[in-house]
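Quick notes on the structure that follows.
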Amino acid sequence: MPIREMTVQRRVDATIDGAVEYHIHYSVRTDILTEPKTKDFRALDLLAAPGAPSEATFLAVSGAVRAYGRALASTDDQHDEHTHFFTDGDDYQIEYRYLPPSGAPITRAYTLAAVRAAPGAPSEADFDAVTDFLVSYGDAAAGYS
């Protein structure tokens, strides 16, 4: 089973006019002993690709992942955030990091299954659409087959 990792950086600090930007670092490898194949891209690139989920679906799912982390960390959405995903059997482990302008980052760990099960979460179909597309897009962009 391939090992996949992805970090989604939600940037708001030091962006033009405080615009929210999403930057993604994706890596995939056959096993722990092989070198990962990596690719960096923006959510805008991903969403412009053929077959991509709608922007609304992507934002709902990615927003639910971050909102879950924010709730655990008792933070807001006013500064940069990183969500790091990595495969762990049949689920994804997530490490959420909130990056305040001063002081240490605040981190919390949880699973994608916990986010999916949370009250008010997007539908299973929305999660599956985003997850499946991220994996196929990331694998292709990184040159993994």
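Keep in mind that the numbers below use all heavy atoms, side chains included, and drop hydrogens, waters and symmetry copies. Because the structure is a prediction, the values reported are computed rather than measured.
Of the inter-residue distances, the one linking R97 atom CZ with Q9 atom CD reads 8.0 Å to the nearest 0.5 angstrom. How far CG of D76 is from CZ of R70: 8.0 Å, rounded to the nearest 0.5 Å. Taken to the nearest 0.5 Å, the CZ atom of F85 stands 8.0 Å off from the CG atom of L134. If you take NE2 on H82 and NE2 on H23, they are separated by 9.5 Å, rounding to the nearest 0.5 Å. Between atom OG1 of residue T7 and atom CZ of residue F86 there is a gap of 10.5 Å, rounded to the nearest 0.5 Å. S54 OG to D126 CG: the interatomic distance, rounded to the nearest 0.5 Å, is 7.5 Å.
Taking the six-membered ring for Trp and the full ring otherwise, Y137 and F41 have centroids separated by under 6.0 Å.
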Before giving the answer on side chain to side chain contact (heavy atoms under 4.5 Å, CB included), spell out for T87 and M1 the whole-Å C-alpha distance, their side-chain angles and the decisive distance to 0.1 Å. CA-CA 10 Å; T87 52; M1 172 178 255; 5.8 Å; no
What do the steps show when you test M6 against H25 for side chain to side chain contact (heavy atoms under 4.5 Å, CB included), and what is the final call? CA-CA 6 Å; M6 180 179 71; H25 177 76; over 6 Å; no
Run the numbers on T30 and Y144 for side chain to side chain contact (heavy atoms under 4.5 Å, CB included), then give the verdict. CA-CA 9 Å; T30 306; Y144 181 80; 3.8 Å; yes
One pair to check against ring pair (Phe, Tyr, Trp, His ring centres under 6.0 Å): F133 and F58. What are the steps and the verdict? CA-CA 10 Å; F133 192 76; F58 176 80; 9.7 Å; no
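A donor-acceptor pair is defined here as one N or O able to donate and one able to accept, closer than 3.5 Å; such a pair exists between the side chain of D45 and the backbone of R42. D80 places no side-chain N or O within donor-acceptor distance of the main-chain N or O of L99, the cut-off being under 3.5 Å. The main-chain N or O of A19 is never found under 3.5 Å from a side-chain atom of D17 such that the two would form a donor-acceptor pair. A donor-acceptor distance shorter than 3.5 angstrom exists from the side chain of T131 to the backbone of F127, with no hydrogens or angles considered.
Nearest heavy-atom pair across Y26 and G138 is CE2-C, 3.2 Å. For the pair Q78 and D13, the tightest heavy-atom approach, listed with the atom from each and the gap, is O-OD1, 3.9 Å. Residue L112 comes nearest to V65 through the heavy atom pair CD1-CG2, 4.0 Å, listed as atom of the first residue, atom of the second, then distance. The heavy-atom pair separating P100 from G103 by the smallest distance is CG-O, 4.2 Å. In terms of heavy atoms, L47 sits closest to P53 at CD2-O, 3.5 Å. Taking every heavy atom of both residues into account, V28 and P2 meet most closely at CG2-CB, 4.1 Å.
For E35 and R29, the salt-bridge test fails: no basic side-chain N is under 4.0 Å from an acidic carboxylate O. By the 4.0 Å N-to-carboxylate-O rule, R116 lies too far from D91 to be salt-bridged with it. With respect to E81 and R11, no salt bridge is recorded, no charged nitrogen being found less than 4.0 Å from a carboxylate O.
Connection of I3 to L33 is established within a shared hydrophobic cluster, with ILVMFWY side chains joined at heavy-atom distances below 4.5 Å, either directly or through further cluster members. Residues V20 and V61 share a single hydrophobic cluster, defined by chaining ILVMFWY side chains whose heavy atoms lie under 4.5 Å apart. Both V8 and L72 belong to a common hydrophobic cluster when Ile, Leu, Val, Met, Phe, Trp and Tyr are linked at side-chain heavy-atom distances under 4.5 angstrom.
Between Y110 and Y96, the angle of the ring planes lies from 30° to 60°, which puts this pair in the tilted group.
Using a 3.5 Å distance cut-off with no hydrogens or angles, the side chains of R4 and Y92 do not pair a donor with an acceptor.
Around atom CG of D90, no more than 12 heavy atoms belonging to other residues, nucleotides or ligands sit under 6.0 Å away. Environment of CD in E21: crowded, with over 12 heavy atoms of neighbouring residues, nucleotides or ligands closer than 6.0 Å.
Side-chain contact check for T83 versus Y68: every heavy-atom pair is 4.5 Å or farther apart.
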